[in-house]
Amino acid sequence: MLENIKGLGPKTLKILNNHNINNISDLVNFYPFKYNIISRSKELIDGEVITIDGVLESNANVFYFKKYKDRMTFKLNIGYKILNVSIFNRGYLKSKLLAGTNVYIIGKYDQKKESVTATDIYFGMLSDYPIIEPIYHNINGISNKQLKTFINDALTLYHENQLLPEWVIDKYHFPDYQVVLKNIHNPSNEQILKQAINYIKYEELFLFTLKINYLKQEKDKMPGLKRVVDYEKIETFVDKLPFVLTPDQMACIKDIYNDLTKPTRMNRLVQGDVGSGKTIVSFIAMYINYLGGYQSTLMAPTEILARQHYQNLVNLFKDTNIKVSILTGKTTAKEKKQIIKELENGNIDIIIGTHALLSSNIKFANLGLVITDEQHRFGVNQRSILKNKGTTPDILYMSATPIPRTYALTLYGDMDVSNIHTMPSGRKPVITHVKQNKDIKEVLEAMLGELKKGHQIYVVVPMILEQEDSDYTSINEMYDNMQKAFGKYYNLGLLHGKMKNQEKEDIMQKFKNNEVQILVSTTVIEVGVDVYNATMIVIFNSERFGLSTIHQLRGRVGRNALDSYCYLISDKETERLHVLETTNDGFKISEEDFKLRGSGDLFGLRQSGDMVFKMADIKRDFNILMHAKEDSLEYLNSSEYKGSKLEKIVFENRQLD
Ligand code: ADP
Ligand code: MG
């Protein structure tokens, strides 16, 4: 009970609860997000931040200039010099800052004025060893110091046992769990801290991989639907397509065919670049499922994408008896009623839709295949609602963010993965140029050239957080600039995350219809929407994006036989961006991204809580991950696991993507 902590009143309790800290365990597991290492500066360098200790020469003076705003000054004798120190909003310390008091300060040194503008002040002297100061994520209204006091009090009340099995502790010579917690919050030196952090990282990754290993075993045990389908029928169908499938597409179809005709349950991820042709693969999966006698559903993240799929499906199956329907937020009540009826009596074979499919009155006669397009756009719960509308349906996910194989094997250990590496033939790579802001005229001219040919253009700017006082062009400013340059002859559209869904869909539709020629947007532009006539994408401040993100963005052009262009505008980190000029292989690019930026940029992956670790980082801590994976598998298969607390935790959290 948090109430048992000294000085923790109802107001603080409420704040903590709002930050998901509801009990003692949550509190002790609220780890610092970084540690400041404080040690005495060896020399004072003009303009740099220094850390120095000394004795107050006189009592501190405070000047109050506004409610809760003040500036305090004092003279600090540091042994070989006297510094003029000023610090803001610490007036409340005045009574303690008397002549003769020992303090140490951190702040910027000004040599000419012999002064320091301090940001931090602490009582006491620095020792010859560095002090490690844990820094917690800001919790409104609770200071770092107060939080630390609460946590340390909580530590005395917390007697939970370690989760990790004893043999793991021995294997890695980990310290006792209680010691780890104490050291995470009160590290006395860097080595002890490192040990504690490694323990926590390992524990996080052990739990994660235990769950994946568990899910894999469950999946393999789970009986699925066994269909009897003649593969020749699939080949005949494929032969009639207006284009020849790539070998990778065929291999995916073969994988899926094998899954669907085997009695175990499919849980497969199809990875491939934007435009690599995942959709047709999923359509053929639905065809196999149909021939096997079951209904299919495909959920897309937006109305416009659902409609695109629907149209394509209707075309694809026009010479068959397959009945395809669509259900979105726009479907009228009357139509919906009819759809519900026909899904329940098995009349509809395939239903495409948006979140509307999740509604509880949508029931199926015999749902056999559930597909989610752009899987990362849905929450785990949403996906599981859909799955549960059938008895053991097979599952197919599609993702346009390929990840390197070694990581895929670990992170998606509970899924089978099929990759589409090659693009359909005839597809031209997007011609990519990295340019600086000073070359903007050249870029604008290139834009005009495309517009004159009757083509369309995407202009992308990074999302801007308001508190950032950076020089990044905000989306509105960019829109105004583009309006000035092209507004006289062309129509512009604006698209960003703050707009309502309907507004977003409307503007996207207008772009698709070529009522808008230049779409200025943040990265919210839809990954899967085909705008065949768009031939150029200009991405400003591209240093702000991961390579994979940019690669996905440029995949929005080049969906045709025309020459397409991507301009990356940036004055920084251009070295990294040049990779995109030379390769169009999403797998290679994501590998590069991993090398350069770590796992932080893995959007489109397991991001739904499961992959959010407090301390571990999939890339940086890859070695720990591999150990944890192996150990957790051994543990899962041992008798120790049965009835353990970990078994309970895994069972309660068994829902993973
Ligand atoms: P994504 O993998 O991004 O979902 P799509 O499935 O939307 O890509 O395919 C992009 C475009 O390429 C679509 O218009 C699709 O009809 C077309 N396409 C798919 N496979 C082939 C192929 N083998 N040959 C030619 N065009 C193809
Ligand atoms: Mg797609």
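Whatever order the structure lists ligands and atoms in, that order sets their numbers, starting from 1.
Not a single heavy atom of Ala400 sits under 4.0 Å from any atom of ligand 1. Note on ligand 1: Asp273 sits in its first shell, one or more heavy atoms being nearer than 4.0 Å. Contact between Gly272 and ligand 1 is absent, with no heavy atom of the residue lying under 4.0 Å from the ligand.
Asp585 and Thr583 are not linked by any side-chain donor-acceptor pair at a separation below 3.5 angstrom, with hydrogens and angles left out of the test.
Close contacts between ligand 1 and Val244 involve ligand atoms 22 (C), 23 (N), 24 (N) [criterion: under 4.0 Å to a heavy atom]. Close approach of ligand 1 to Thr246 is summarised as follows: ligand atoms under 4.0 Å from at least one heavy atom of the residue are 23 (N).
Panel note: side chain Thr297, backbone Ile351; a donor-acceptor pair is recorded below 3.5 Å. For Gln517 (side chain) and Leu451 (main-chain N/O), no donor-acceptor pair under 3.5 Å exists by modelled atom type.
The heavy atom nearest to atom 4 (O) of ligand 1, out of those in Leu245, Thr279, Leu241, is found in Thr279. Nearest residue to atom 19 (C) of ligand 1 from Gly277, Ser425, Ser282 is Gly277 (criterion: closest heavy atom).
No more than 12 heavy-atom neighbours from other residues, nucleotides or ligands sit within 6.0 angstrom of CG on Asn321. For Lys588, the NZ atom counts as loosely surrounded, since its 6.0 Å shell holds 12 or fewer non-hydrogen atoms of other residues, nucleotides or ligands.
Residue-to-ligand polar distances keep Pro424 apart from ligand 1: every N/O pair is separated by 3.5 Å or more. Considering backbone and side-chain N/O atoms, Val274 never comes within less than 3.5 Å of an N/O atom of ligand 1.
Aromatic ring centres of Tyr458 and Phe511: separated by under 6.0 Å.
With a heavy-atom cut-off of 4.0 Å, Phe283 does not touch ligand 1 at all. At a 4.0 Å heavy-atom cut-off, ligand 1 does not touch Met398 at all.
Taking the side chain as every heavy atom from C-beta outward, Met299 and Val370 never approach each other to under 4.5 Å.
Remark: Thr246 engages Gln249 in a side-chain hydrogen bond (donor to acceptor under 3.5 Å, both in side chains) (not counting sequence neighbours).
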